[in-house]
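Counting starts at 1 for both ligands and their atoms, in listed order. Index from 1, following the sequence.
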Amino acid sequence: MPESKTSELKVLWLEFTEKISETLPEQSFRTWIQPIRPESLDDNTLTLYVPSQFHYEWVDSHYSQKIRGVFGQLIGREIRLSFKVDSTDGDHPDHHVPAPQSKQRSNTRRSPKPQDVQLNSRYAFDNFVEGDGNSFARAACLAIAEAPGKTPWNPLLIYGGTGLGKTHLLQAIGNHVLKEKKVSRVKYVSSERYTQEFIHSVKNNCSTDFSKLYRSAEFLLVDDVQFFSSKGRTQIEFFHTFNSLYQAGKQIILSCDRPVHELKDIDERLISRFQSGLITQISPPDFETRVAILERRADEEGVALPLDIAQFFATHIKNNIRELEGALVTLIARATFYRLEPNLELAGQVLQEKMGRPVGKPQIEQIQEVVAKHFQLSGDALRGKSRKKEIALARMMAMSLATKLTDHSLKHIGQLFGGRDHSTVIHARNTIHKLIEKDALMRDTYESLRHKLSLSTLPSTKM
Ligand code: ADP
Ligand code: MG
């Protein structure tokens, strides 16, 4: 396929995954759709790589209609799907699966091989940005990845809200130990997938193979154990696998979206196993980390990301890195589509769609505009370099109001005022405070601006 067609398809696929993710439970999306890669789109056939035969069968029977619907809508015509199994997570399909509906399908069924590791090479320690909320978890994962079996942390359990990097860390460990050849039999699985595979194996009379497969792992990574909830039989199976691996000194790493004691409908014995090693938490990243993550991601996509856009997204999306990245990916797809450079206006539209309601400019920009107008200046003047007296005064006023009315750090505020230092912001705030204590006119001005800004509701501001 020519290069341009491939990148066009890549962009379409990005848009597609964004769209379909909104219509599926997050876990289903992560487990079944995200691992799929597009190969080609010829006439009306979209060819997709899936990581295993089992994956193919599942997607074919549960999601193909949906995929055809959403993708078809995107390109404005009906399509057929064709799948290829690619267990190498990359460029070398090793096995072609006939198009869906084909009867041959059952002849091509293979028992899952240990190579079906379900690892995505995109997740690495290198591209995991360290911040306050994750540094301990990251350090523990890295230590285990570098010296498997030599740390006392078994199992390691990482818990934290959704979209904060648990899967990334688990996968990074798996990729690292495989790459460094520390161990060879690595198994990564989400508890949802584990459950499905188990049910499938029971139905097909091969549950012994299933048990063997997992019990032969040297490294077992189980993502999102909360989905074991209420799956009694699967829990028993997993309990035995856990014990067997643990007793043989194999490393087990688990993730969970909540503290273990909040898990419901999971056998006490399993809970106590989960709690028996090291437990570490991941919490939401601070502003600087969010910006750094966006910059890193843009780099990966080979796109120049202006700082104001990174800060804009980081200001509005705080608790979920997946959403943060989702906004960026949509912006990139959109900009590519319209052949534009990413800009703040486009970013505003993307965010507005994501949030399902209008979103205003970044608060600080709004403060700048309102204050500038009051002093009959432009917002640009406040962000610019001029030290003229009335501009400097208006700028200090706006900075001081920004510290009062927003929850941005001094550093961030300074940055949005033309890249100034946080000490400049402190100075501005102190100066204004002194002025309004002494000068009644100044106090009135400050209060009326503050009042105006508190009343103006951000969401209705036009971009
Ligand atoms: P979780 O499993 O906790 O729901 P993920 O690991 O899937 O979250 O993370 C969501 C997205 O955010 C992924 O694309 C991941 O690569 C990215 N991400 C999360 N944390 C970081 C980080 N610290 N540095 C870089 N990317 C991150
Ligand atoms: Mg996850």
With a distance cut-off below 6.0 Å to the six-membered ring centre and an angular limit of 45° from the axis, does R269 pair with F239 as a cation-pi contact?
-> yes
Students often mix this up, so state it plainly: with edges at 30° and 60°, are the rings of [X] and [Y] parallel, tilted or perpendicular?
| X | Y | value |
| --- | --- | --- |
| Y246 | F242 | parallel |
| W13 | F71 | tilted |
| Y123 | H168 | perpendicular |

Please check if any side-chain donor atom of [X] sits under 3.5 Å from a side-chain acceptor atom of [Y], or the reverse.
| X | Y | value |
| --- | --- | --- |
| T45 | D42 | no |
| E78 | N44 | no |
| Q226 | D224 | yes |
| N243 | R273 | yes |
| T17 | Q34 | no |

What is the nearest protein non-hydrogen atom to [atom], stated with its residue, atom name and distance?
| atom | value |
| --- | --- |
| atom 24 (N) of ligand 1 | V129 N, 2.7 Å |
| atom 7 (O) of ligand 1 | R30 NH2, 2.3 Å |
| atom 16 (O) of ligand 1 | H168 ND1, 2.6 Å |
| atom 12 (O) of ligand 1 | I321 CG2, 3.1 Å |

Compute the minimum heavy-atom distance from R122 to ligand 1 and say whether it is under 4.0 Å.
-> yes
Output field: ring centroids Y214/F210 closer than 6.0 Å | yes
So which of R297, R296, E325, E323 gets nearest to atom 26 (N) of ligand 1, if we judge by its closest heavy atom?
->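 Minimum heavy-atom distance to atom 26 (N) of ligand 1 goes to E325.
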Heavy-atom distance to atom 2 (O) of ligand 1: which of T167, T162, L169, N127 wins?
-> T167
Output for pair (Q196 CD, F227 CZ), nearest 0.5 Å, gives 11.0 Å
I want to know if ligand 1 touches [X] in the polar sense, i.e. an N/O pair below 3.5 angstrom.
| X | result |
| --- | --- |
| G165 | yes |
| F128 | no |
| K166 | yes |

Atom indices of ligand 1 within 4.0 angstrom of N134 heavy atoms, with elements = 23 (N)
Below 4.0 angstrom from a heavy atom of Y123, which ligand 1 atoms are there? Numbered from 1 as shown, please.
->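 Counting atoms of ligand 1 from 1, those under 4.0 Å from Y123 are 16 (O).
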P155 and side chain to side chain contact (heavy atoms under 4.5 Å, CB included): which partner among V225, L254, V222, L278?
->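 With P155 as partner, V225, L254, V222, L278 yield a single side chain to side chain contact (heavy atoms under 4.5 Å, CB included), made by L254.
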Under 2.8 Å from the Mg ion (ligand 2), the protein N, O or S atoms, given as residue and atom = T167 OG1
Logged contact type for E130 with ligand 1, heavy-atom cut-off 4.0 Å, is neither
